[in-house]
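To keep things clear, I will list the structure first and then write my remarks on it.
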Protein chains: 2
Amino acid sequence: MSSLKSKILEVATDLFQTRGINSTGVDTIVAVAGTTKMTLYKYFTSKENLILEVLDKGHQDFQSWLSDQVNSGAKKPSDKLQKLFEFIEEWVTSPNFRGMGFIKASAEFPNEESPVHQLSSEQSRQFRQYISSLASEANVQDADGLALQLSLLFEGAVQAEQMKRGSGAMKYAKKAAKILIDGALVS
Amino acid sequence: MSSLKSKILEVATDLFQTRGINSTGVDTIVAVAGTTKMTLYKYFTSKENLILEVLDKGHQDFQSWLSDQVNSGAKKPSDKLQKLFEFIEEWVTSPNFRGMGFIKASAEFPNEESPVHQLSSEQSRQFRQYISSLASEANVQDADGLALQLSLLFEGAVQAEQMKRGSGAMKYAKKAAKILIDGALVS
DNA sequence: TAATCTATATACAGACCTGTATATATAATG
DNA sequence: CATTATATATACAGGTCTGTATATAGATTA
């Protein structure tokens with residue numbers, strides 16, 4: 001990938017998160033990235049296309065990072081589930097955390113026919129699906145139910161953290177997750 | 001309050017939720033409300049002022065409805081806490097549910113200096129504070145911690161429900177809340 | 001050196017936005 | 001009937017936005 005294209009993606013990711021997607025114009029993006037609109041529209045067919053690529057890259061980065069951590073940090077399926085939120089807390093509190101794109105995007109694009117909304121919705125579903133697969137391997141009865149509950153905690157905490165950095169919400173989400181996982185494992 | 005003013009507030013509440021705040025122009029609002037911009041700007045000094053009043057009214061409606069339900073539906077403090085999520089589920093699944101304004105608003109106005117963001121943040125804090133007071137009355141040790149966990153579940157579920165109506169997320173949030181509350185009460 | 005490819009600089013069209021100015025109609029009140 | 005308050009109709013100024021058109025600079029390759 002061209003270095004200019006990745007630079008634009010990086011800058012857009014940052015600006016979308018800190019200023020909002022609709023409130024960030026392409027002029028601002030190219031100015032910060034140190035290039036021009038002509039170049040941006042060479043690599044991206046439209047602003048919507050740029051938004052979709054930003055979302056896509058953010059989600060891929062997160063998912064591959066997370067599954068790597070889980071696979072290398074725990075062997076037993078139940079341990080993987082237990083440690084999930086510790087890795088997520090690392091991600092959230094790391095300096096290069098820029099929020100979960102799909103949470104913000106779904107709020108700014110509420111229309112269900114919008115491609116941006118649809119991608120956000122799909123990413124949220126994929127994340128739940130990943131948790132559910134971990135729960136299934138750990139022999140949790142209602143794996144989908146637990147996955148939904150854990151994802152609610154996760155998304156709520158990310159939102160709280162986005163609203164006020166250093167809120168410590170993820171710490172309490174982690175405690176709650178442990179209680180829910182323990183309960184689901186014994187039953 | 002003038003009937004035209006309340007009509008504008010009602011329409012704006014609906015459009016902000018279904019189309020997004022920044023994506024809804026005042027021209028659209030007055031067209032749907034059946035009036036003109038001149039009238040809107042007589043009752044509201046600016047669009048930002050309209051947004052703030054919409055948020056304010058939405059939160060007041062929710063909080064007064066919720067505390068009425070809690071007070072009339074349960075006497076023992078621990079029962080109030082237990083039944084909280086049942087009332088919230090009623091609210092969320094009721095036909096006139098239009099989402100929680102402050103969740104969307106904080107996503108669309110991420111700048112912490114924005115008055116809209118500040119009001120959203122304050123409303124989120126007030127809601128947590130309300131849950132914490134119920135937990136305190138029920139003699140929960142870490143009332144603030146439990147309140148934060150419950151609010152994470154709540155906000156996550158509302159977001160999921162906004163993302164896809166009829167997702168049933170609140171049903172699972174309720175189950176998770178019961179587990180967390182039970183654990184906090186016995187310890 | 002000449003040709004080609006990539007990025008820049010700049011301007012602009014067309015659309016949408018907020019907020020206001022001006023003039024008119026309609027209803028209530030003296 | 002006359003006056004006054006309220007709402008409408010309409011136009012527009014000034015700004016921002018996306019996306020494109022045109023012309024130019026710089027670097028790489030033949």
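Protein chains get the first letters and strands the later ones, always in sequence-line order, with residue 1 at the start of each.
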Problem - Path from B:L55 to B:I29 over hydrophobic side-chain contacts below 4.5 Å - result: yes
Problem - Between C:dC17 (C1') and B:E48 (CD): distance, integer Å - result: 15 Å
Exercise for the section: Could you state the atom-to-atom distance from CG of B:L40 to C1' of C:dA21 in whole Å? Expected result: 17 Å
Problem - Derivation and outcome, side-chain contact (heavy atoms from CB on, under 4.5 Å), residues A:L119 and A:I51 - result: CA-CA 10 Å; A:L119 179 57; A:I51 298 170; over 6 Å; no
Fill in the blank from the handout: note: B:R19, atom CZ; C:dC17, atom P; distance rounded to Å ~ 10 Å
Exercise for the section: Measure from NZ or CZ of A:K175 to the centre of the six-membered ring of A:F85, then state whether that distance is under 6.0 Å and the direction lies within 45° of the axis. Expected result: no
Fill in the blank from the handout: Separation of C:dG19 atom C1' from B:N49 atom CG, nearest Å, is 13 Å
Exercise for the section: For nucleotides 9-18 of chain D, just jot down a letter per nucleotide in 5' to 3' order: B, S or -, based on protein non-hydrogen atoms under 4.0 Å. Expected result: B--------B
Exercise for the section: Using a 4.0 Å heavy-atom cut-off across all strands, classify B:F44 as base, sugar-phosphate, or nothing. Expected result: nothing
Practice task
Quickly work out the B:I29 CD1 to C:dT18 C1' distance and round it to whole Å.
Solution key: 11 Å
Practice task
Round to the nearest Å and state the distance from B:L50 atom CG to C:dC17 atom P.
Solution key: 15 Å
Exercise for the section: Would you check if A:Q17 and A:Q162 make a side-chain contact, meaning some heavy-atom pair closer than 4.5 Å? Expected result: yes
Exercise for the section: Measure from NZ or CZ of B:K80 to the centre of the six-membered ring of B:F87 and say whether it is under 6.0 Å with the direction within 45° of the ring axis. Expected result: no
Problem - Contact under 4.0 Å: B:T39 side-chain N or O vs D:dT6 OP1/OP2 - result: no
Exercise for the section: Calculate the interatomic distance between A:K42 atom NZ and C:dC5 atom P; express it in whole Å. Expected result: 10 Å
Exercise for the section: Return yes if a side-chain donor-acceptor contact under 3.5 Å exists between B:E122 and B:Q126, otherwise no. Expected result: yes
